[in-house]
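Working notes, beginning with the structure itself.
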Amino acid sequence: MSAPGGQGGAGGSRPALEVAQAVRAGEVSARDVLEQALEQIAGRDGELRCFNAVTATAARAAAEAVDGRVARGEDPGPLAGVPVALKDNLCTRTAPTTCSSRILEGWVPPYDATVVTRLAAAGAVVVGKTNMDEFAMGSSTEHSAFGPTRNPWDLTRVPGGSSGGSAAAVAAGLVPVALGSDTGGSIRQPAALCGVVGVKPTYGVVSRFGLVAFASSLDQVGPLAATVEDAAAVLEVVGGHDELDSTSLPLPAPRLREVLAEGVGGMRVGVLSDMLADASPGCAAAVRAAAEALTAAGARVEEVSVPELLHGLSAYYVVAPAEASSNLARYDGVRYGLRVEGEDVETMNARTRAAGFGPEVKRRIMLGTYALSAGYYEAYYGRAQKVRAVVAEAFARAYLGAEVLLAPTSPSVAFPLGEKTADPLEMYLADLYTIPSNLAGHPAMSVPFALGEGGLPVGVQVLAPALGEREMFRVGAVLEAAADPKARAPLAAGARA
Amino acid sequence: MRLSAAEVAHVGRLARLELSEEELDCFAGQLSAILEHVETMGRLDVSGVAPLSHPAELRNVLRADEPRPCLAREDVLAAAPAAEDGRFAVPRVLGEEP
Amino acid sequence: MSGWEVVVGLEVHAELSTATKLFCGCPNRFGAEPNTLVCPVCLGLPGSLPVLNRRAVELAMRIGKALHCDIRPSRFHRKNYFYPDMPKDYQISQYDEPVNVGGYLDLPGGRRIGIERAHLEEDTGKTTHLGGGGRIHGAERALVDYNRAGVPLVEIVSRPDIRGAEEARAYVAELRDVLVATGVSDGRMEEGSLRVDANVSVRREGTGELGTRCEVKNLNSLRSLGRAIEHEAARQVALLEAGGEVVQETRHWNEDEGRTSSMRSKEESHDYRYFAEPDLVALVPDEQLLEAAGAGMPLLPAERRLRLAELLAPRGGDVPAGAADQIVTVVSLGLDDLVVAAAAAGADVRLALARAANEAARAPEAARGLDPAAFAALVRMEAAGRLSATQSKSVLSELIEHGGDPAEVAGRLGFEGLGDDALEAAVEAVVAAHPEEWDRFVGGEEKLAQFLLGQVMRSTGGRADGKAVAALLAKRRQGAPAEPGSRR
């Protein structure tokens, strides 16, 4: 399997920070960078289907504004002229925000998400909205109402999900960085399957204002990028306290790029042995190789068993649908989005929702409604919250002996389109290793490390305790340097070569 | 546990989802399978464990009682499937006002 | 109905007098054009998030203080149900961890009604049902305005301690007075800023157990509250006496028909699937919040009634028969400060109370602006026999309408000459109206004698004897203030 970048040379073919540096120095205009990216998207997206919308007009205006600032000698921002793609659950005034759902088709929010405002202020240029599993429910981007995104490494395979459009766009070199959202692994898993870097920050580090909610106590916005450094740069821009999100931590964004060269000498790293047992041989081997690389770099690596973490999946598939059933109640045909008429308002609501939601969304709404309903609350929701507490406590014990933990991101490499759509439970298992961090609110990232089965990329997951982003990124940087260059999307490989 | 089609129908009404006969059957099977898997968490001992509903340990996040700009009404109603007289229009409402 | 006891518990929703809504910065204002006071948060647009209004929390805790509640750590839950005027199709409310728990409200008659809880929640928008005469069942379509959506409410839930319609009205009236006096709410039932639901049950007198209750909604005035409870209790008694059973349900009060009727209710509508609101964090009553909640807390109506009762009957004696009702009236209209000031100025308390409860109460708004010294002087003139009761009432009306000095007004109306007592009253009024100048005069500033004399001459229309006034001023300065009637 060959790495998926096409000929390169476009907006996505250089790391974001190189692009920004060139734009800031006036060596290249933001407008030219943008046109290359748009050309690349026009050329590749017909087959990949990464984008729900390409916002060329607004992007040109934004790029010209950046060039204007450069020309006037003003600071155009740390991401000046960097083309970025946004998962289509982030609210934008300039383009519809659909969550890849019929029920929101064509809806243009009258406001921008906080992360969108911050990207713009940093000089980044939003080029479009990326495809996703409907309302972020899924692990393959096949549950999009607008058709699946394809994995640039192998067009017959899924890119992972739910941020599959963002991951594939970065992997194909259409954009150097993108934002996704991660509720149970929706940034990390597609990053792993597409050979890019994906980061889920600590809960509360990035504002959720303007992120269309799936499961509010689990959702976090984070970057997907070709390099660890680019991911760090984007997180530094979008992170930090936001008074519009009550759950936003009252802290500035973590300073990450300054620690990337620090190495891991003396750092204690735990390898989650329970997560190696069921992973594919290729995925397990990648984690072991990553552990060796860290040892070689001076870390003290030990295997640890934390079996409670695997129970997170069950808790997650109660908590997330329960919150989702409530978060998605508002799509009722009254104020925005789709309406299917009915003779009374109840019928109108029920028909609208029946026509507007796809099967996976309905399944989860049903599951969550059931878990919260009278007579079942304690057995399901109440118990799931206790399991959630157990997961958090198990992590706390593990972090007594380690600063970071290592695990596979996904149990397998990218699977063929259609393989898991018939069996929801099989699809849910794709999130087995990523879910515990969401339940605990901890940060975790996936770094492309090796090629696994079929020559497809394998990501290694670095987990850290709350606000452990700096240690996590130090490990990420060391793994990136030690990784098989063939396992990573071409632009990153090129940048390091 | 095995869900009956009637139970699925009840949940569908709670969730305000119109479900076809095929969907009722399909969901009865799928939800049962998922719940069966979920129940494996019963193997974990959670006695004496305090439930965790949220990772944030923040408290008293409050804003000042100061007005901020509202949306323009034309922007508000632009997205409405039906509007009349400056308001959102819906079909008749049956039964009680909760 | 004899042999039966009517048991009532009330749920009162009070809109809080904040500048903005509970979770967003949209103005909290009644009467604006539809859908002009809305934003992504109160419209429930995808991606929007609530942020709690500090002032709303303070006002909720202020209610807790006024109702003697335990103010506790609390959190918000989501109450899930579909209704077009609820933008998110769930209501953010407090469920099993409300901010105020326990407490009581003392009614004027002396009864103490227990308060179960008083919690914060958001209001819904407003649905107008069109066609078919406006009744919900006959309507063809409905229009929704979200200006009210997200307005902060406190729901105050009483214990089932209320016995009958009259007491229910007294409870709501008292609660409204408390809310208005503390500045928490404007208490306007007609604008919907105070809304009441009644849980009504009946039981045989002497039975301890509660009967099955019905919740009665759509009570838009104290009058309809009383009528609805009477009707609903009679319906339940008739049902039970005929051997039937009361079914627990929600009933709608129809003011025009004067009866309650069952609202169609489905099992689904009562399964609210509460769970902790993940978009908000815990609320803890810290010192800063509690201090702001209690800041400038005025005397509450019950305390103000007690204050008057103690003036009337010091040392815990009995309040005279007719006075108790007058106390309630005067406190409820906010005229009690006049009576207290009159008492402090040495006027007869019983007479001051009567004038406040009868004459002043006819124009309470204007009467609240009355100069307490003038009111006190008038009461003293009447008590001293210088004015008949009829004359005194005329003077009081004039004072309320136009202000002025009672002696002067009485003179203008031709009610009296300037006898000794009237002269003394005029002096007293001037002293009361110019305390600073009086103090300086007492302190030895002789030139102020001329000022005070001038004021008396002015207030009496020049009919006073200047030498007598000067003598009175000097005598009063020596610490022997002329008490009206003291020489009798």
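In what follows, every chain begins at residue 1, and chains take the letters A, B, ... in the order their sequences are listed. Just the heavy atoms: all of them, side chains too, but no hydrogens, waters or symmetry mates, feed the values below.
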Exercise. Might you point out which heavy atoms bring A329(A) and F82(C) nearest each other, and give the distance in Å?
Key: O-CE2, 3.3 Å

Quiz item: For the residue pair R78(C) and E323(A), what are the closest heavy atoms and their distance?
Solution: NH1-O, 4.1 Å

Is [X] in contact with chain C via its backbone, its side chain, both, or neither, using a 4.5 Å heavy-atom distance?
{"X": "E343(A)", "result": "neither"}
{"X": "A374(A)", "result": "both"}
{"X": "Y203(A)", "result": "side chain"}
{"X": "Y377(A)", "result": "side chain"}

Quiz item: Heavy-atom distance under 4.5 Å between the side chains of T97(A) and P46(C), does that happen here?
Solution: no

Exercise. Find out whether S326(A) and E277(C) are in side-chain contact, i.e. whether some heavy atom of one side chain is under 4.5 Å from a heavy atom of the other.
Key: no

Exercise. Quick one: which of L90(A), L244(A), L328(A) has the most heavy-atom pairs under 4.5 Å with chain C, could you say?
Key: L244(A)

Enter the distance from [X]:[atom1] to [Y]:[atom2] here, rounded to the nearest 0.5 Å.
{"X": "Y376(A)", "Y": "D271(C)", "atom1": "OH", "atom2": "CG", "answer": "10.5 Å"}
{"X": "Y111(A)", "Y": "C39(C)", "atom1": "OH", "atom2": "SG", "answer": "9.5 Å"}
{"X": "D279(C)", "Y": "D245(A)", "atom1": "CG", "atom2": "CG", "answer": "7.5 Å"}

Exceeds 12 heavy-atom contacts within 6.0 angstrom, atom [atom1] of [X]:
{"X": "E255(C)", "atom1": "CD", "value": "yes"}
{"X": "F146(A)", "atom1": "CZ", "value": "yes"}
{"X": "R29(C)", "atom1": "CZ", "value": "no"}
{"X": "R213(C)", "atom1": "CZ", "value": "no"}

Exercise. Output, in order, the C-alpha distance, side-chain angles, deciding distance and verdict of side-chain contact (heavy atoms from CB on, under 4.5 Å) for W107(A) and L45(C).
Key: CA-CA 11 Å; W107(A) 179 64; L45(C) 295 190; 4.3 Å; yes

Quiz item: Any donor-acceptor pair under 3.5 Å linking the side chain of R335(A) with the backbone of P87(C)?
Solution: yes

Quiz item: Sequence neighbours excluded, which residues qualify as side-chain hydrogen bond (donor to acceptor under 3.5 Å, both in side chains) partners of E116(C)?
Solution: none

Quiz item: Would you say the side-chain atoms of R330(A) and Y90(C) include a donor-acceptor pair closer than 3.5 Å?
Solution: yes

Self-check item: Donor-acceptor side-chain pairing of S373(A) and R273(C) below 3.5 angstrom
Solution: no

Self-check item: Result of checking D332(A), N349(A), V334(A) against D89(C) for side chain to side chain contact (heavy atoms under 4.5 Å, CB included)
Solution: D332(A)

Exercise. Any chance you could lay out the side-chain contact (heavy atoms from CB on, under 4.5 Å) test for F23(C) and S246(A), step after step, and finish with the verdict?
Key: CA-CA 10 Å; F23(C) 297 120; S246(A) 305; over 6 Å; no

Practice problem: Answer yes when D344(A) and R141(C) have at least one side-chain N-carboxylate O distance shorter than 4.0 Å, and no when they do not. | Solution: no

Self-check item: Which atoms of N80(C) approach chain A - backbone, side chain, both or neither, heavy atom under 4.5 Å
Solution: side chain

Quiz item: Between Y274(C) and chain A, which part of the residue has a heavy atom less than 4.5 Å away: side chain, backbone, both or neither?
Solution: backbone

Exercise. Would you mind telling me which of L49(C), V144(C), V51(C) has the largest number of heavy-atom pairs within less than 4.5 Å of chain A?
Key: L49(C)

